[in-house]
There are 2 protein chains.
Amino acid sequence: MKTTKEALSTKEQLLRTATELMLAKGFTAVTVDEICEKTGVTKGGFFHYFESKDDLGKSVLEYYWQSQVQMVQEMPFHSIKDPLKRLHGFLDSFADRARDPQITKSCLIGNFSQELSSTYPEIRTLCDKKFSMFADMLKQILDEAKQMYAPRSRLDTKSLAEHFVAIFQGALILSKAKQDTKVIEEGIRHFRQYVEALFKKGRKKAVKSRKRG
Amino acid sequence: MKTTKEALSTKEQLLRTATELMLAKGFTAVTVDEICEKTGVTKGGFFHYFESKDDLGKSVLEYYWQSQVQMVQEMPFHSIKDPLKRLHGFLDSFADRARDPQITKSCLIGNFSQELSSTYPEIRTLCDKKFSMFADMLKQILDEAKQMYAPRSRLDTKSLAEHFVAIFQGALILSKAKQDTKVIEEGIRHFRQYVEALFKKGRKKAVKSRKRG
DNA sequence: ATTAACCTACCTACCAGTTGGTATGTAATT
DNA sequence: AATTACATACCAACTGGTAGGTAGGTTAAT
């Protein structure tokens, strides 16, 4: 296999190029020819690895997702014991990434969801799953924080986690129009403040309940 | 002129069809032929009204924006005197629309921003302006509410208004993937709660400041 | 000998956009 | 009242180029 010697296999190079282009222009606007030229592979080569452009779409989505998962796994917040501090560590990492000019301010899951949901049901389902998995990761932190700091409140951690995903996706869209990443930072800041407010409320309620009960 | 007798001029019919299709599939995936066929006009007819597909893009964006402005103007919240209640009225209307199954859960400004920002600078600028105008509308309500209920707080109403736009855009994306509009309702609910929390905090601070000063 | 990993050359459908019309109305001229 | 002139609102048929995809090969490693 080439993978051992060369940095990346041809297939992975194709996936990388496709990801890069589709992050900027979306699925439909990117042509197979474009991907081939930029990767330095002919069309025959491309169709050796992918059945069709649609097939590429699914593969690219999976590839992108894996890279995102890895990225999150490499974030330093996991080792933080206190769940609320861990949450802030999580948000810090995302804010750092928003500030980093080298990182593309776009999300393939969001792009595909918007562009392909009504025409490619399979991709729509895939996007749904990825969104849910991402939200679930955040939900776990929120659940722990809730249990520790506001166990009696009826805070809906699932909805709150999904809310963050929405904030993030929306901020990406705004940042593209504005060509300014501050919206992303602000979105994270607002979410932070909101969660803080919710936990304060939860604590109060918990105290009240304890007094009552 | 035909406009008086017929419901809509040919140009407006073309704009409508284009809007409808592009809300679902995005700009690139919609072909001029498709728009023509669905409108019942030939290509010659289309290019009589629009210089190019790009030109159509800009026109469609403007047309969509106007329709959205009109929609907001027709909402009942404007007559509410109390600015905080007016804000809730505003949010109520958006939540109602999220619930209404007849309304397409998609925003052309968001779609275009995501799809075309990197390739069509003019459209990107247009999206930016529309987003800003929408945020500004909300900012005005927030400003009034701030002045009345938390005049001393250093609440950033502009950032908060933009945050709502982001929440809304993000929720639309999620709702497409999930095929469930509850995320939109939830997004609005969370924003509501967040603003409430901010105003409570502002009130406390104002009280404190008054005591101190 | 077989298979994976490509490449060259090509096909067909469809894309945005053009050409050169016609039908209709309107406004000024005769 | 008839004629000329011009504009608007379309249509049918076409063009050039590009899209996704295929057929059939070559090369090199297993």
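A note on names: the letters A, B, ... follow the listed sequences, proteins ahead of strands, and every chain is numbered from 1.
- Ion pairing between Lys139(B) and Asp136(B) fails under the 4.0 Å rule for side-chain N and carboxylate O.
- A residue-by-residue look at Gly44(B) and Glu51(A) shows that Gly44(B) has its nearest nucleotide of DNA chain D further toward the 5' end.
- Between the CG atom of Asp54(A) and the C1' atom of dG20(D) there is a distance of 10 Å, given to the nearest Å.
- An OP1 or OP2 oxygen of dC6(C) is reached within less than 4.0 angstrom by a side-chain nitrogen or oxygen of Tyr49(A).
- For dA16(C), the base has a donor-acceptor partner in the side chain of Lys43(B) [N/O atoms by modelled type, under 3.5 angstrom].
- As rounded to whole Å, 5 Å separates atom P of dG21(D) from atom CZ of Phe47(A).
- Regarding Lys25(B), its NZ atom lies at a distance of 13 Å from the C1' atom of dC15(C), rounded to whole Å.
- Using a 4.0 Å heavy-atom cutoff across all strands shown, Thr31(B) reaches sugar-phosphate atoms only and no base atom.
- An OP1 or OP2 oxygen of dG20(D) is reached within less than 4.0 angstrom by no side-chain nitrogen or oxygen of Ser52(A).
- If you take CG on Asp143(A) and CG on Leu138(A), they are separated by 9.5 Å, rounding to the nearest 0.5 Å.
- The CZ-C1' distance, from Phe46(A) to dA5(C), rounds to 15 Å in whole Å.
- Exactly one of Lys81(B), Lys85(B), Arg86(B) qualifies for a salt bridge (charged side-chain N to carboxylate O under 4.0 Å, His left out) with Glu144(B). That residue is Arg86(B).
- Distance CG (Leu56(B)) to P (dC15(C)): 15 Å, rounded to an integer number of Å.
- The nearest whole Å value for the distance from the CD1 atom in Ile35(A) to the C1' atom in dG21(D) is 14 Å.
- Look at NE2 on His48(A): it is 7 Å from C1' on dC6(C), rounded to the nearest Å.
- Distance, Asp33(A) CG to dC11(C) C1': 14 Å, rounded to whole Å.
- The existence of a salt bridge linking Lys182(A) and Glu162(B) is excluded, since no basic side-chain nitrogen approaches an acidic carboxylate oxygen closer than 4.0 Å.
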